[in-house]
Amino acid sequence: MEYNFHEIESKWQQKWENDNAFRRVEDPNKEKYYMLEMFPYPSGKLHMGHVRNYSIGDVITRYKTMRGYNVLHPMGWDAFGLPAENAAIAHGIHPSTWTWDNIDNMRQQLKGLGFSYDWEREVATCHPSYYKWTQWMFLQLYKNGLAYKKKSYVNWCPSCSTVLANEQVVNGQCERCGTAVGKKDLEQWFFRITKYAERLLNDIEKLKGWPEKVKIMQKNWIGRSEGAMVNFKIEGTDETITVFTTRPDTIYGVTYMVLAPEHPMVLELVKGTEYESKALEFIDKVQHMNEITRTSEETEKEGLFIGRHAINPMNGERVPLFIANYVLLEYGTGAVMGVPAHDQRDFEFATKYDLPIIPVIKPERDDIDISNLKEAFEAEGVMINSGPFNGLSNVEGIQKIIEYMEQKDIGKRHVNYRLRDWLISRQRYWGAPIPIVYCDNCGIVPVPEEQLPVILPTDVAFKGKSQSVLLDNQSFIKTTCPQCGQSARRETDTMDTFVCSSFYFLRFTDPKNTEAPFSREKAEYWMAVDQYVGGVEHAILHLLYARFFTKFLYDLGLSPVDEPFTNLLTQGMVLKDGAKMSKSKGNVVSPEEIIDKYGADTARLFILFAAPPDRDLEWSDQGVEGCYRFLNRVWRIVNDFKDVCVDSGNEDGTASLSEQDKQLRYVVHNTIKRVTVDIEERFNFNTAISAVMELVNALYQYRDKVAPAQQNRAVIKEAISNLLLLLAPFAPHITEELWELTTHEGSIHEQPWPTFDSEALVQDQIEIVVQINGRVRDRVMVAADASQQEVEGTVLSLPKIKDLIGDKNVSKVIVVPKKLVNIVVKG
RNA sequence: GCGGAAGUGGCGGAACAGGCAGACGCUGCAGUUUGAGGGGCUGUUGCCCAUAACGGGCGUAAGGGUUCGAGUCCCUUCUUCCGCACCA
């Protein structure tokens with residue numbers, strides 16, 4: 001009988017669906033395991049990255065299930081976002097139609113791959129039953145002062161015509177479309193993620209099951225630095241400028257001050273002075289520089305004196321005030337003190353504009369030559385030129401100066417974060433509407449919870465481009481104020497889609513709840529996610545936001561955990577010809593064609609076999625063929641032994657074992673051990689599969705080398721059963737079919753995971769490698785229980801070894817039990 | 001510049017606590033089965049020397065070190081990929 005994967009795969013997919021095989025509910029008597037893969041954006045079709053992501057998750061799910069866990073394995077759709085809107089604009093399809101069609105299509109594809117999802121729990125973020133809770137989350141944040149609106153310079157993508165979060169700007173370009181991002185001064189909604197900065201940073205330590213790389217990326221993104229806020233008075237005004245510095249110990253070396261060109265105080269300071277026009281010109285120039293060159297270290301530092309002086313609060317020195325391109329409004333206070341002797345950027349700036357360079361730290365040993373300073377001295381040392389602080393180590397000086405400043409009320413200790421608040425407004429249609437109403441009497445009014453969801457209207461027309469169609473939708477905009485009942489206006493911005501994906505893992509624990517986003521009880525059973533799998537591209541954005549939400553919900557008493565994901569696996573990319581698969585490069589292999597030609601089992605097997613999951617994977621058509629060949633080999637050998645399996649019943653054949661029987665049993669039980677360790681401890685599916693391949697090879701050997709009359713049916717049956725069980729998580733359809741064929745009862749996926757028999761792993765003869773001076777010269781079989789002396793004696797009496805030693809001196813013999821003997825020979 | 005990961009045959013990759021480098025798969029070659037093709041099966045496949053045969057030498061980015069023994073540990077250097085990047 002041929003291996004007809006089409007028939008087999010659809011047969012079992014049907015059966016699993018009819019039997020609700022993957023439905024899971026809370027069961028207090030069983031240990032739970034929450035397996036989650038990052039849910040996809042419904043772009044239309046699965047790509048190989050999806051297949052990889054979900055194959056990894058499915059192996060773990062099926063394995064853990066066989067290990068007896070109650071495994072939660074849900075799937076859903078991150079369904080809001082721009083591509084739907086772009087499709088609508090380009091093809092005249094409504095984003096909703098486009099999205100739901102894609103979801104239907106991709107759900108079919110996922111089922112066609114045989115993934116074991118509990119489809120009863122499916123969610124789509126664009127469905128009112130879901131975004132009701134997205135809006136609800138917004139309201140909770142708002143109530144707790146963590147959602148607020150402010151006017152600020154924000155990142156603006158002209159192509160997507162919407163604002164972007166800092167995290168969505170990559171190299172000054174829009175993360176989505178690659179267009180250079182500009183700045184706009186807009187009123188926008190923010191989430192105060194900065195309030196959680198410290199905890200988000202400190203709790204990274206709890207994430208023992210996360211890759212180091214991701215943790216470091218998050219640490220750097222949060223970017224904590226300790227220092228002080230220092231106030232500088234502006235001469236001739238009542239104004240004070242506050243700077244943040246990590247080096248208060250260098251404050252006596254301040255020789256100038258700089259503001260970011262966009263700093264709100266700049267215009268005031270130059271107003272009506274001779275410097276005004278030049279300053280405006282400079283600001284304009286800097287703003288038209290794009291973000292990439294602006295923030296590159298190579299870009300030459302440029303500045304402009306704006307006619308004012310600041311007073312150093314420590315020593316009363318008068319220093320000139322500049323604006324310069326290298327100071328960023330977004331970081332710290334948007335103002336810095338210039339200490340050219342001890343900061344390389346300041347050094348370059350001071351050199352260019354001929355500003356004094358005053359060293360205030362000298363190295364422990366050598367004296368610093370002021371006239372000869374080639375670069376800033378940024379290392380630690382001893383304080384000089386610093387009044388009462390002279391002679392202190394600068395590390396001590398930092399503390400002393402901060403204390404002094406706090407006493408004199410000229411500054412204070414401060415911890416600064418690079419992390420900015422999360423800008424969540426989007427000027428787009430296809431997203432969850434922000435549940436806010438603007439009333440002329442009452443101002444900003446949140447929509448009451450009982451009025452949620454604020455439904456996204458579907459009667460919209462996509463005429464032109466760029467602008468959100470919500471702006472034209474008067475029936476949506478016009479509303480009444482929930483407080484005073486007078487006519488009012490709805491917020492037309494929608495939320496960043498990352499808001500939707502920041503709590504979906506909690507929603508999965510209780511997806512149909514209409515009273516709450518999820519019940520505490522169910523979340524208590526299922527959370528936290530035991531294993532999360534997805535691409536490393538979400539290392540910062542999604543994973544940081546999800547952690548923030550979880551902590552917030554934990555503080556509200558809703559979430560039972562304050563970290564959502566216990567273990568994280570970041571899978572590598574799928575490459576072809578060394579590059580990421582992409583339409584533009586024309587190197588895309590579609591999952592559909594592979595499944596059609598070889599079946600889902602082959603597709604899954606290949607993608608797991610070709611590389612360890614965390615590494616990039618090079619696609620190989622021949623490699624796929626190889627996996628297909630392997631499954632055919634499995635098919636044939638099991639069919640060959642079918643009758644043996646069926647007839648042998650439960651006969652115990654382990655009583656009289658031949659050498660070959662023992663060998664086969666050794667391979668079988670060793671394979672159980674290897675596969676278990678590979679899955680359990682390392683997620684090394686590639687080596688797990690290769691171990692199963694070796695088992696199949698051993699079965700063929702046994703079939704061909706042992707005369708049929710000598711074959712031990714119980715040993716064969718044991719080998720076949722275990723082969724199928726070990727392969728089941730990887731290739732679920734063919735193993736299910738062969739399990740049935742060999743008249744095993746029940747679904748193979750409900751069987752317990754096999755355990756190895758350590759008896760079978762005991763060998764009475766062991767091969768010992770014989771080395772002379774570290775080179776392999778011979779090998780010999782010895783009894784497994786032979787003593788070191790016996791082994792040494794055996795080895796030294798081997799003819800070949802005797803020959804090679806000749807009359808040379810044996811100075812040492814090293815015996816590594818059960819492995820090797822190394823004879824050290826001199827002369 | 002900073003941080004991270006990596007560098008092993010023709011290719012993807014093994015080698016888990018310092019003990020046989022190249023498991024497993026692909027590719028190539030030779031043979032076999034078959035009417036042919038496909039497919040299956042058997043052998044072989046790191047490089048060099050030798051070859052009737054036994055065999056021998058060299059090999060894990062480069063160089064050095066520790067060790068009876070190093071892909072693995074230490075030092076120096078190089079390359080590639082990824083992330084961050086004027087962060088005060």
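All chains are named by letter (A, B, ...) in the order of the sequence lines, taking the proteins before the strands, and each is independently numbered beginning at 1.
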Test salt bridge (Lys or Arg N to Asp or Glu O under 4.0 Å) on Arg247(A) and Asp343(A); report intermediate values, then the result. CA-CA 10 Å; Arg247(A) 295 294 303 273; Asp343(A) 181 285; over 6 Å; no
Can you tell me, in whole Å, how much space there is between the C1' of rA53(B) and that of rA36(B)? 40 Å
For Ile768(A) and rC20(B), what is the distance between atoms CD1 and P respectively, to the nearest whole Å? 12 Å
Start at the 5' end of RNA chain B and walk down; is the nucleotide closest to Ile823(A) or to Leu804(A) reached first? Leu804(A)
What's Gly223(A) touching, base or sugar-phosphate or nothing? Going by heavy atoms closer than 4.0 Å. nothing
If you look at every strand shown and take non-hydrogen atoms under 4.0 Å, does Asp346(A) touch a base, only sugar-phosphate, or nothing? nothing
Nearest-Å distance once atom C1' is located in both rU60(B) and rG55(B): 25 Å
Just call it for Gln771(A): base, sugar-phosphate, or nothing, with non-hydrogen atoms closer than 4.0 Å on any strand. base
Can you tell me the distance, in whole Å, between the CG atom of Asn684(A) and the C1' atom of rA23(B)? 13 Å
Distance between the P atoms of rC24(B) and rU44(B), in whole angstroms? 12 Å
Can you tell me if the side-chain N/O atoms of Lys812(A) get under 4.0 Å from OP1 or OP2 in rC68(B)? yes
From C-beta outward on Ile216(A), which listed nucleotide comes closest to its side chain: rC87(B), rG4(B), rU27(B)? rG4(B)
C1' gap between rA21(B) and rG71(B), integer Å: 7 Å
Measuring only the C1' atom in each nucleotide, how far is rG9(B) from rG25(B)? A whole number of Å is fine. 14 Å
Check the pair Glu212(A), Lys215(A) against salt bridge (Lys or Arg N to Asp or Glu O under 4.0 Å), reporting the backbone distance first and the verdict last. CA-CA 5 Å; Glu212(A) 217 43 48; Lys215(A) 291 197 273 187; 3.8 Å; yes
How far does the P atom of rG39(B) sit from the matching atom of rA14(B), given to the nearest Å? 28 Å
For rG55(B), give the paired nucleotide (Watson-Crick: N1-N3 plus N6-O4 or O6-N4; G-U: N1-O2 and O6-N3; both under 3.5 Å), or none. rC49(B)
Under a 3.5 Å limit for both distances, which nucleotide forms a Watson-Crick or G-U wobble pair with rG83(B), could you say? rC2(B)
Does a side-chain N or O from Arg775(A) land closer than 4.0 Å to OP1 or OP2 of rC68(B), or not? no
Please verify the inter-ring angle class for Phe5(A) with Tyr628(A); under 30° counts as parallel, over 60° as perpendicular, anything in between as tilted. perpendicular
Any idea which of rG83(B), rG19(B), rA88(B) is nearest the Ser225(A) side chain? rA88(B)
Let me spell it out: for each of Lys800(A) and Gly334(A), pick the nucleotide of RNA chain B with the closest heavy atom. Which residue's pick is nearer the 5' end? Lys800(A)
By nearest atom, which of the nucleotides rC24(B), rC16(B), rC68(B) is closest to the Asp678(A) side chain? rC16(B)
If you measure from the Lys or Arg side-chain nitrogens to the Asp or Glu carboxylate oxygens, is any gap between Arg674(A) and Glu694(A) under 4.0 Å? yes
State the syn/anti category of rG9(B) according to its glycosidic angle, syn meaning within 90° of 0. syn
Just how far, in rounded Å, is P of rG13(B) from CZ of Phe630(A)? 20 Å
The side chain of Phe244(A) lies closest to which of these nucleotides: rA88(B), rG13(B), rC20(B)? rA88(B)
Taking the chi torsion of rA17(B), is it syn (within 90° of 0) or anti (everything else)? syn
Taking distance alone, no hydrogens or angles, what donor-acceptor pairs closer than 3.5 Å link side-chain atoms of residues 818-825 of chain A to residues at least two apart or in another chain?
unit_1    : atom_1 : unit_2    : atom_2 : d
Asn822(A) : OD1    : Asn773(A) : N      : 3.4
Asn822(A) : OD1    : Gly774(A) : N      : 3.0

Please determine if Glu226(A) and Arg413(A) form a salt bridge, counting it only when a charged side-chain N lies under 4.0 Å from a carboxylate O. no
Whether the side chain of His342(A) engages the backbone of Ile361(A) through a donor-acceptor N/O pair (distance < 3.5 Å, no angle test) should be reported. yes
Where along residues 686-696 of chain A does a heavy atom fall under 4.0 Å from RNA chain B? Asn686(A), Thr687(A), Ser690(A), Met693(A), Glu694(A)
Starting at atom CD of Glu618(A), determine the distance to atom C1' of rG25(B), rounded to an integer number of angstrom. 15 Å
Rounded to whole Å, CZ of Arg418(A) lies from P of rG83(B) at a distance of 14 Å
Check whether Phe756(A) forms a cation-pi arrangement with Lys673(A) (NZ or CZ under 6.0 Å from the six-membered ring centre, at most 45° off the ring normal). yes
Select one nucleotide: of rG56(B), rC82(B), rG13(B), the one nearest the side-chain heavy atoms of Arg777(A). rG56(B)
Span that lies between the P atom of rC86(B) and that of rC73(B), in whole angstrom: 35 Å
So what's rC78(B) paired with, Watson-Crick or G-U wobble, going by both distances under 3.5 Å? rG7(B)
Roughly how many Å apart are rA61(B) and rA15(B), using the P atom of each and rounding to a whole number? 16 Å
As a quick check of understanding, evaluate side-chain hydrogen bond (donor to acceptor under 3.5 Å, both in side chains) for Asn697(A) and Arg633(A), giving each step before the final call. CA-CA 9 Å; Asn697(A) 292 345; Arg633(A) 269 168 78 75; 2.9 Å; yes
Would the Phe322(A) and Phe349(A) ring centres measure less than 6.0 Å apart? yes
Has the side chain of Thr333(A) got a donor or acceptor atom that lies under 3.5 Å from a matching backbone atom of Thr242(A)? yes
Nearest to the Asn697(A) side chain among rA88(B), rG12(B), rC24(B), which nucleotide is it? rC24(B)
Provide, to the nearest angstrom, the distance between the CD1 atom belonging to Ile607(A) and the C1' atom belonging to rC26(B). 17 Å
Figure out the CG/P separation between Leu605(A) and rC24(B), and round it to whole Å. 16 Å
Quick one: are the ring centres of Phe609(A) and Phe630(A) less than 6.0 Å apart? no
Phe609(A) side chain: which of rC24(B), rA85(B), rA88(B) is closest? rC24(B)
Take the protein atom CG of Leu575(A) and the nucleotide atom P of rU80(B), then report the distance between them rounded to whole Å. 18 Å
Short heteroatom pairs, N/O only, protein and nucleotides 37-41 of chain B, under 3.5 Å:
unit_1  : atom_1 : unit_2    : atom_2 : d
rG40(B) : O3'    : Arg636(A) : NH2    : 3.2
rC41(B) : OP1    : Arg633(A) : NH1    : 2.6
rC41(B) : OP1    : Arg636(A) : NH2    : 3.3

Using a heavy-atom cut-off of under 4.0 Å over every strand shown, decide if Val824(A) touches base, sugar-phosphate, or nothing. sugar-phosphate
Glu302(A) vs Lys352(A), test: salt bridge (Lys or Arg N to Asp or Glu O under 4.0 Å). Steps then yes/no. CA-CA 9 Å; Glu302(A) 268 189 82; Lys352(A) 179 165 176 180; 5.1 Å; no
Is the phosphate of rC81(B), meaning OP1 or OP2, less than 4.0 Å from a side-chain N or O of Arg615(A)? no
Per atom distances to the Val776(A) side chain, the nearest of rA85(B), rC20(B), rA88(B) is rC20(B)
